[in-house]
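Throughout, protein chains are lettered first and strands after them, A, B, ... in sequence-line order, and every chain is numbered starting at 1. In this text the structure is predicted, and so the values were computed from the model without any measurement.
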Protein chains: 2
Amino acid sequence: MRRNISESTVRRLSFYLRILEKVEAVGIDTLSSEKLAQRTGTTAAQVRKDLSLFGSFGKRGLGYAIPQLASELREILGLDRTWRVALVGGGRIGSALFEYSGFRKRGFEIVAVLDADSSKVGQRWGKVVLSDIADLEKVLTAESVDIVILTIPAESVPDVLDRVVAVGVRGILNYAPVQLRVPGDVTVKDVNMVLELEALSFALSQTKGE
Amino acid sequence: MRRNISESTVRRLSFYLRILEKVEAVGIDTLSSEKLAQRTGTTAAQVRKDLSLFGSFGKRGLGYAIPQLASELREILGLDRTWRVALVGGGRIGSALFEYSGFRKRGFEIVAVLDADSSKVGQRWGKVVLSDIADLEKVLTAESVDIVILTIPAESVPDVLDRVVAVGVRGILNYAPVQLRVPGDVTVKDVNMVLELEALSFALSQTKGE
DNA sequence: TCCATTTTGTGAACTAATTCACAAGGGTCT
DNA sequence: AGACCCTTGTGAATTAGTTCACAAAATGGA
Ligand SMILES: NC(=O)c1ccc[n+]([C@@H]2O[C@H](COP(=O)([O-])OP(=O)(O)OC[C@H]3O[C@@H](n4cnc5c(N)ncnc54)[C@H](O)[C@@H]3O)[C@@H](O)[C@H]2O)c1
Ligand SMILES: NC(=O)c1ccc[n+]([C@@H]2O[C@H](COP(=O)([O-])OP(=O)(O)OC[C@H]3O[C@@H](n4cnc5c(N)ncnc54)[C@H](O)[C@@H]3O)[C@@H](O)[C@H]2O)c1
């Protein structure tokens, strides 16, 4: 049933879920594709098409039952479980991410932090004690890590990446501005803030000349 | 010449530029679409198609002259100038961004930081003194701000956003997990880290069941 | 029960993006 | 100069993604 799901569909599913959870808290129990579309900045047809890729979750004439659809979406997105996450790089961006509660709320639990700086190794951050990057393999295995977040300088990435992949981690979120090369069964997502600014720069430059 | 440039084309142009600058430093002075494609994870045809949307920058049989193409790309992307950026929200993620040198290197200069916390207002961060969010309009105007980065809690966003737009800023980079509603001449880019993790979660859940 | 109304689910039509494939241009070697 | 590579630039073909449009439920009121 689930072949060829596009990146944009997945992104929209996350949006739908976020809105459903927001609306559920208000006490509404049903929502039409039209309403969901308005709230997420897309069209009703798109909402229905996206959902229909995974099944039939609505009632004709009525719309979608919010708790049921939310639960379906959580299952589709794999959010009906906790993901064990390791943070590699406890610098500025790494520590901001560590303290952010939004990840845990969605089921992403940071169970290990690794760094190369010996003055950081051994520090206690909440429940986590910072590990030495030399112990990467040991820590990722011991903590059954599913996902690694890379917040280290670009030049350190290739080496660390190879080790992370070698130990069997198949999901990576990368903050360094480098193109990652990984085997086909490993998924990488990039967060590239400079790229977003450059896209803004492009958009602003375009309209200016009109 | 420049109508209907897709989001993905713009993203790739940024990648091309990054690689060109990296390769230029090594002393190579020409690069084929094939090589550029390999380094950026796309195809040679895609590289040529992307570039051809803006002009003819290559030499047949030889490839692209690196400094010239880099310069063309900088102009296309609007990176042949400095952009004046204001940071709204000097919290965890905001301060990490402020200290990050990667923005300035690309011509994005943070000329103002605004916060609502009176214990932060008046603090000096490098060359910048933190302003009170109450003075938003005054500061954005006085500093000729082109782009605003929002690193404030989601619930504060709508109000601040309206004020930012009203004062004439037309580029916004948003870190809060909310859908922004803006007039058509304003461009918004979102950095949504939870969304990326959810996309990873989806990808990992898919392959697991095979 | 029947009719009016609402909204889903989904093929078909359309639009956008990518890949193919090749003629034309440019360089080099003899 | 001519033969031989190499690589661009770009229409055409293909593939992917979105929007349209409507029959098929489901509900509620007369
Ligand atoms: N700070 C930002 O706002 C920002 C924005 C965009 C991108 N980034 C990217 O994020 C990454 C981290 O940036 P930052 O500002 O947090 O840098 P930082 O210097 O504050 O932190 C990097 C951390 O990584 C550690 N480290 C270095 N090499 C390591 C290795 N081999 N193994 C383990 N740990 C290692 C360092 O000890 C340090 O603690 C960089 O690639 C940067 O380009 C940062
Ligand atoms: N920290 C992260 O890693 C992270 C990750 C993803 C998304 N985000 C998002 O980024 C935003 C900021 O997160 P954070 O972790 O830096 O939070 P934070 O609480 O550390 O910082 C928020 C800052 O905004 C200021 N602020 C609050 N209301 C304001 C207003 N109306 N005007 C001006 N300033 C105001 C606060 O005083 C504070 O300094 C949030 O929307 C969060 O969801 C953060």
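Read 5' to 3', the first and last nucleotides of DNA chain C with an atom closer than 4.0 Å to a heavy atom of chain B are C:dA17 to C:dG26.
Position along DNA chain D of the nearest nucleotide to A:E7 versus B:G58 favours B:G58 as the more 5'-ward residue.
Scanning both residues, A:V188 and A:D190, for their nearest heavy atoms gives CG1-OD2, 4.0 Å.
Annotation: proximity of residues 13-35 of chain A to DNA chain C (heavy atom, distance under 4.0 Å) is found for A:S32, A:S33, numbered in ascending order. Heavy-atom distances under 4.0 Å link DNA chain C to B:T43, B:A45, B:Q46, B:R48, B:K49 of residues 43-51 of chain B, given in residue order.
At a threshold of 4.5 Å between non-hydrogen side-chain atoms, the residues A:Y64 and A:R48 count as touching.
A search for salt bridge (Lys or Arg N to Asp or Glu O under 4.0 Å) contacts involving B:R11 returns nothing, not counting sequence neighbours. When the salt bridge (Lys or Arg N to Asp or Glu O under 4.0 Å) test is applied to B:K22, no partner is found at least two apart in sequence or on another chain. Checked against ring-ring contact (aromatic ring centres under 6.0 Å, His included), A:F98 has the following partners two or more places apart in sequence or in another chain: A:W125. Applying the salt bridge (Lys or Arg N to Asp or Glu O under 4.0 Å) criterion to A:R12, with sequence neighbours excluded, gives A:D50. For A:S6, the side-chain contact (heavy atoms from CB on, under 4.5 Å) partners are A:S8, A:T9, not counting sequence neighbours. Take A:K59 and apply the salt bridge (Lys or Arg N to Asp or Glu O under 4.0 Å) test, not counting sequence neighbours, and it matches no residue. With sequence neighbours excluded, the residues that form a ring-ring contact (aromatic ring centres under 6.0 Å, His included) with A:Y100 are A:F103.
You'll find that the side chain of A:S6 is closest to D:dG17, out of D:dT18, D:dG9, D:dG17.
Computed from coordinates, the A:I5 CD1 to D:dG17 P distance equals 10 Å when rounded to whole Å. Rounded to a whole Å, the CZ atom of B:F57 is 9 Å from the P atom of D:dG9.
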Donor-acceptor contacts under 3.5 Å from residues 154-161 of chain A side chains, at least two apart:
none

Fill in the blank from the handout: Reading nucleotides 25-30 of chain D from 5' to 3' and marking B where a protein heavy atom lies under 4.0 Å of the base, S where only the sugar-phosphate is that close, and - otherwise, the string is BS----
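Residue A:R39 forms a side chain to side chain contact (heavy atoms under 4.5 Å, CB included) with just one option from A:I19, A:L20, A:L31, A:V47, and that option is A:I19.
Ring geometry, B:F108 versus B:W83: the interplanar angle falls under 30°, so the pair is classed parallel (tilted spans 30 to 60°).
Checking B:T82 against B:E109 by side-chain atom types alone, no donor-acceptor pair falls below 3.5 Å.
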